[in-house]
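We name chains A, B, ... by the order of the sequence lines, and we start the count at 1 in each one.
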Amino acid sequence: MPEIEYRFGEIEQKWRDYWAAVELYKARDDDPRPKYYCLDMFPYPSGSGLHVGHWRSYVLPDAWSRYMLLKGYNVLHPMGWDAFGLPAENDAIQKGIHPEVNTRGNIENFRRQLVEMSPMYDWSREIDTTDPEYYKWTQWIFLQMFRKGLAYQKLMPINWCPSCKTGLANEEVVGGKCDRCGAVVGTKDLNQWMLKITAYAERLLHGLDELDWPEKVKTMQRNWIGRSEGARVRFTAFDTDGREHPLEIFTTRPDTLFGATYMVLAPEHPLISKLTTNDRSAQVHAYIEKARNAAEHDRTGATEKTGQFTGSYAVNPMNGEKIPIWIADYVLMGYGTGAIMAVPGHDERDYAFAKTFGLEVREVIASRKAKGGGFYTGDGEMIASGEFTGMPSAEGRKAIVGWIAEKGIGESAIQYRLRDWVFSRQRYWGEPIPIVHCGACGAVPVPENELPVRLPEVERFQPTGTGESPLAAIEDWVNVPCPACGAAGKRETNTMPQWAGSSWYFLRYTSPHNNEALLGPEGKKWLPVDMYVGGVEHAILHLLYARFFSLVLHDVGVIDFREPFKRLFNQGMITRKGKSGRVEKMSKSKGNVVNPDDLIRSHGCDALRLYALFVGPPEMDAVWNDEGIDGTFRFLKRAWKWVCDSNGQWREEPSRQMLTHRHLLVKKVTERLETFRLNTVVSAMMEFINAVHALDEKPDRETVDVFLVLLSPFAPHFAEELWERTGHAPSIFKQSWPQWDEEFTTFDTVTIAVQINGRMRGRLTLDHGAVEESVLEAARNDHDLRRHIENQEILKVIYVPDKILNLVVA
RNA sequence: GCCUGGGUGGCGGAACUGGCAGACGCACCGGACUUAAAAUCCGGAGUCCCUUACCGGACGUGCGGGUUCGAUUCCCGCCCCAGGCACCA
């Protein structure tokens with residue numbers, strides 16, 4: 001009597017051990033098959049462990065990797081830990097444990113939970129961004145940037161989170177609040193390390209064109225980079241002593257230069273002190289002080305316009321007119337030149353400002369709207385514009401740029417919204433920046449052969465709150481001789497942001513144990529990444545930073561490609577209906593997490609894997625249903641019984657119907673996999689089992705083999721176990737993905753829908769391939785259809801073979 | 001305001017290129033098996049109307065139009081929801 005009960009617990013443990021023992025998932029550098037690199041966004045190992053939302057994120061790329069393996073690729077599917085950074089440190093402080101110890105424990109727990117999912121990770125390539133052997137190379141990359149002038153220091157007001165007690169990148173400030181903790185972000189003047197990502201703006205923008213990424217993500221990156229074409233134009237400002245100063249502005253609308261009726265400087269603009277007249281001085285200084293204290297986000301988004309007149313004037317180079325110079329916080333020092341020409345007739349913000357302060361509004365582009373007030377931002381015929389009057393504005397833009405270039409008062413210019421990247425953090429748990437400050441030599445790089453600069457062992461790692469890193473207090477670590485001159489120097493005590501380690505980790509998986517190079521010759525064959533799977537929350541920051549690092553590493557000769565991720569897939573989040581009925585994200589803080597450990601015990605890993613895919617379209621958010629896993633579990637039990645009941649009693653030749661079901665299954669599963677419709681792949685499997693169950697005949701051996709191979713990427717233990725029980729040697733993952741024959745994908749009979757005047761009136765079951773005449777004949781003879789056709793004149797017949805017959809009658 | 005997505009039964013969702021709307025699954029209802037329950041198996045089900053019942057009919061993919069023999073799918077005009085950006089000159 002063969003064992004026919006589906007004992008998922010034993011089976012899953014058995015095969016997990018077996019696969020590990022035979023190193024099934026080891027990606028070998030010398031494997032002759034074509035390579036395929038499928039990458040998961042590696043997790044930050046938090047203390048709360050995995051929930052079923054993580055399962056969805058990792059099962060999808062795992063099923064895809066197994067599919068590529070069966071298609072004959074040499075698959076690299078690695079995993080590691082993004083373990084530096086603020087959350088890890090805050091978590092450790094809260095628990096009163098050293099971040100290193102805490103992080104190690106979290107990683108252990110995460111790895112244990114991930115193994116229960118049975119992903120085909122090659123654990124021999126596991127990496128950890130906090131491992132000195134890893135961050136040695138993060139520091140090395142920083143030194144390359146320093147040498148190229150891409151890493152530089154700047155005293156600047158930075159976004160300062162009073163709760164995390166550190167500076168933040170613009171990207172980490174969301175709606176004026178800290179992306180991590182939600183505290184309102186202020187500003188602080190600190191000497192910061194910056195990365196000159198703006199130097200790569202154009203390449204980061206153009207590189208997007210060739211990528212097989214979701215349009216949404218590409219659009220978000222394009223908007224973030226924010227390229228604007230226009231011109232820089234130098235007006236002449238007169239200071240309080242009557243001296244001339246060039247006052248440069250950037251505009252995207254040089255065609256409206258004749259409409260400039262005043263100018264506005266950002267409150268931080270360096271020329272303000274020279275331009276402010278005595279009688280205006282008190283108001284201007286008060287205004288600057290107010291603007292200083294407000295963080296940039298308070299200034300953006302406000303619609304009410306504020307400002308002050310400096311008392312000085314500038315000359316518009318187009319027409320020689322004298323126009324007043326104002327200061328206002330709606331002009332940002334960080335964009336363009338920090339000064340604008342204001343054209344209230346053709347710009348919404350300038351119009352609002354002009355209305356508030358009673359400044360002149362002048363129309364220089366013809367429009368219906370502007371008559372009697374208002375502004376018009378569209379194109380049109382230029383009016384009151386000197387020699388350019390009568391030109392269409394698009395043409396006028398070019399003509400005026402040509403004219404100012406000839407006169408030497410301006411030129412065409414391209415402006416980006418992207419800012420340089422604030423790269424230092426005043427915290428302990430990050431990569432030390434490998435620089436020594438020397439009184440004589442300045443900032444001196446630590447020699448490469450002295451890397452890594454290790455984090456010192458410390459008792460106190462809490463932030464100081466003074467703007468200084470906790471590392472500054474570790475005297476014997478800080479005080480070192482200058483690598484250049486040998487004089488007394490001090491180490492840089494700021495650390496790198498969490499993004500540093502994650503900006504290049506995908507490279508290190510390909511040569512994780514190479515001590516000589518970041519990327520060894522053995523690793524190059526794997527790159528670039530063929531498929532990158534992760535959440536859309538990384539659409540801008542992580543993906544932009546990783547692309548930037550790749551371009552830099554390309555330029556210093558480490559890699560020979562520019563774009564690291566050829567294809568990107570963003571999977572949706574798992575949500576849950578809350579008590580109020582509202583759908584909310586599944587998270588520890590919301591207290592709505594579903595723990596996979598319980599479900600593995602009650603239904604098994606395979607049933608959970610299947611449900612994680614079946615729950616909804618992969619790219620969309622999906623609502624978790626606690627009972628949903630019962631469906632995929634029942635399916636597995638039915639499939640189990642179908643195979644075990646027939647095991648050893650195979651039918652010699654499959655029936656035509658069985659054959660059709662088999663070929664249709666291969667076709668459906670393959671096509672839906674290729675387009676990432678994983679939820680419908682599972683449906684197809686279920687439909688197949690329902691159909692063969694209804695057939696009531698023993699299957700042939702090949703049909704069962706094909707079914708098991710198709711199922712194996714999704715329910716690997718289940719498929720492997722039945723593969724063995726039906727007399728094959730493991731592993732099923734050494735098999736090839738099955739093919740289908742289009743000829744066998746249609747059944748002998750088809751159901752044809754019949755419409756009369758576009759309304760569904762009945763169905764006919766006929767032989768596949770019936771011609772129009774015989775279908776019409778059958779319709780005339782059909783009991784239910786006859787009465788709709790009798791005594792009617794058939795005006796038109798539309799017949800789509802094997803699908804539909806539509807009769808137009810009168 | 002701008003840029004993306006999305007809106008289909010009680011619920012999650014399916015529908016290739018304009019061709020039977022609601023596959024598959026959850027929950028639900030009925031039946032079989034059982035002392036009983038669980039498990040399993042068989043069957044039912046968009047809404048409404050007519051009918052004792054059978055048969056039948058109307059409506060139906062956010063709303064309003066249009067194209068077409070035929071529209072969840074294409075076109076025009078709106079509404080709502082989610083995400084991103086937002087004084088960027």
Side-chain angles (χ1 to χ4, degrees), chain A residues 174-175 214-220 222-224 226-228 230 249-253 256 264 266 297 299-305 328-332 334-343 346-350 352-353 415-419 536-537 539-540 572-573 575 577 583 610-611 614-617 619-632 634-635 637-638 641 668 671-672 675 677 679-690 693 751-763 784 787 795-800 802-809:
Chain A
V174 176
E215 260 332 293
K216 174 184 181 169
V217 175
K218 293 210 253 184
T219 305
M220 282 166 73
R222 285 190 186 107
N223 291 343
W224 191 264
R227 182 181 197 272
S228 292
I249 60 104
F250 172 76
T251 178
T252 56
R253 292 296 300 273
T256 63
V264 189
H297 67 268
R299 293 166 48 177
T300 59
T303 44
E304 257 173 57
K305 294 286 180 286
D329 64 5
Y330 82 92
V331 174
L332 309 173
Y335 183 81
T337 63
I340 63 159
M341 65 163 182
V343 186
H346 303 285
D347 182 276
E348 183 175 359
R349 298 147 302 182
D350 296 345
F353 190 84
Q415 186 64 47
Y416 299 92
R417 253 179 27 132
L418 186 70
R419 315 274 175 96
V536 73
E537 66 272 20
I540 300 174
M573 287 183 314
T575 61
K577 284 225 173 78
V583 170
L610 280 176
Y611 185 61
F614 186 63
V615 67
E619 71 281 8
M620 298 215 286
D621 290 351
V623 182
W624 188 262
N625 175 353
D626 289 336
E627 279 81 44
I629 192 174
D630 290 337
T632 53
R634 281 179 198 135
F635 157 72
K637 284 193 288 189
R638 279 161 69 92
K641 191 168 185 309
K668 282 184 188 170
E671 288 180 348
R672 294 171 185 189
T675 48
R677 291 175 295 157
N679 54 326
T680 63
V681 167
V682 180
S683 309
M685 296 283 183
M686 290 171 165
E687 282 175 74
F688 173 80
I689 286 298
N690 292 347
H693 182 77
T751 304
I752 294 169
V754 182
Q755 299 183 337
I756 313 288
N757 289 341
R759 286 179 177 281
M760 264 294 300
R761 293 299 180 188
R763 298 184 168 86
D784 293 335
R787 60 199 181 81
L795 300 174
K796 194 170 178 185
V797 179
I798 296 107
Y799 176 56
V800 181
D802 292 343
K803 277 191 178 152
I804 201 162
L805 177 73
N806 191 3
L807 302 175
V808 184
V809 302

Can you tell me, in whole Å, how much space there is between the [atom1] of [N] and that of [M]?
{"N": "B:A36", "M": "B:U52", "atom1": "C1'", "result": "38 Å"}
{"N": "B:A27", "M": "B:U17", "atom1": "P", "result": "33 Å"}
{"N": "B:A23", "M": "B:C80", "atom1": "P", "result": "32 Å"}
{"N": "B:C54", "M": "B:C79", "atom1": "P", "result": "46 Å"}
{"N": "B:G57", "M": "B:C3", "atom1": "P", "result": "47 Å"}
{"N": "B:U72", "M": "B:G9", "atom1": "C1'", "result": "14 Å"}
{"N": "B:C87", "M": "B:C16", "atom1": "P", "result": "41 Å"}
{"N": "B:A58", "M": "B:A21", "atom1": "P", "result": "13 Å"}

Within this structure, what is the [atom1]-to-[atom2] distance between [X] and [N], rounded to whole angstrom?
{"X": "A:Glu537", "N": "B:A82", "atom1": "CD", "atom2": "P", "value": "19 Å"}
{"X": "A:Asn757", "N": "B:U68", "atom1": "CG", "atom2": "P", "value": "16 Å"}
{"X": "A:Leu807", "N": "B:G19", "atom1": "CG", "atom2": "C1'", "value": "14 Å"}
{"X": "A:Met220", "N": "B:G84", "atom1": "CE", "atom2": "C1'", "value": "5 Å"}
{"X": "A:Asp630", "N": "B:C28", "atom1": "CG", "atom2": "P", "value": "11 Å"}
{"X": "A:Lys641", "N": "B:U40", "atom1": "NZ", "atom2": "C1'", "value": "9 Å"}
{"X": "A:Phe635", "N": "B:U40", "atom1": "CZ", "atom2": "P", "value": "15 Å"}

Which heavy atom in [X] sits nearest to a heavy atom in [Y], and how many Å separate them?
{"X": "A:Arg672", "Y": "A:Val681", "answer": "CB-CG2, 3.6 Å"}
{"X": "A:Thr252", "Y": "A:Ser228", "answer": "CG2-CB, 3.9 Å"}
{"X": "A:Val615", "Y": "A:Val623", "answer": "CG2-O, 3.6 Å"}
{"X": "A:Ile629", "Y": "A:Asp626", "answer": "CG2-O, 3.9 Å"}
{"X": "A:Leu332", "Y": "A:Arg419", "answer": "CD1-NH2, 4.5 Å"}
{"X": "A:Leu805", "Y": "A:Val797", "answer": "CD1-CG1, 3.8 Å"}

Using OP1 and OP2 only, check whether a side-chain N or O of A:Asn625 sits under 4.0 Å from B:G13.
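For B:G13, neither OP1 nor OP2 has a side-chain N or O of A:Asn625 closer than 4.0 Å.
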
When you measure from the side-chain N and O atoms of A:Arg222 to the phosphate of B:C85, is any distance below 4.0 Å, counting only OP1 and OP2?
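Indeed not, no polar side-chain atom of A:Arg222 lies that close.
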
Decide yes or no, distance alone: a donor-acceptor N/O pair under 3.5 angstrom between the base of B:C3 and the side-chain of A:Lys216.
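No such pair is found, so the answer is no.
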
Candidates [options] - which lies nearest the side chain of [X]:
{"X": "A:Arg759", "options": "B:G25, B:A58, B:C20", "answer": "B:A58"}
{"X": "A:His693", "options": "B:A15, B:C41, B:A89", "answer": "B:C41"}
{"X": "A:Thr680", "options": "B:A15, B:A39, B:C24", "answer": "B:A15"}
{"X": "A:Gln755", "options": "B:G19, B:A89, B:G6", "answer": "B:G19"}
{"X": "A:Lys637", "options": "B:C16, B:C87, B:A39", "answer": "B:A39"}
{"X": "A:Trp224", "options": "B:C85, B:C26, B:A89", "answer": "B:C85"}
{"X": "A:Thr751", "options": "B:C20, B:C69, B:G84", "answer": "B:C20"}
{"X": "A:Ile804", "options": "B:A89, B:G25, B:C20", "answer": "B:C20"}
{"X": "A:Phe614", "options": "B:G25, B:G13, B:A89", "answer": "B:G25"}
{"X": "A:Arg761", "options": "B:G57, B:G70, B:C87", "answer": "B:G57"}

A:Asn223 backbone acceptor or donor facing A:Arg417 side chain under 3.5 Å:
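At least one qualifying donor-acceptor pair exists.
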
When you look at CD of A:Glu348, are more than 12 heavy atoms from neighbouring residues, nucleotides or ligands closer to it than 6.0 Å?
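Counting neighbours around CD of A:Glu348, 12 or fewer heavy atoms of other residues, nucleotides or ligands fall under 6.0 Å, so no.
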
Nucleotide N/O of nucleotides 43-49 of chain B paired with protein N/O under 3.5 Å:
none

Need the pair for B:U4. Rule: Watson-Crick or G-U wobble, both distances under 3.5 Å, any strand; none if unpaired.
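Its partner is B:A82 (Watson-Crick or G-U wobble, both distances under 3.5 Å).
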
Just name whichever nucleotide pairs with B:G46, Watson-Crick or G-U, keeping both distances under 3.5 Å, else none.
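Looking at the geometry, B:G46 pairs with B:C59.
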
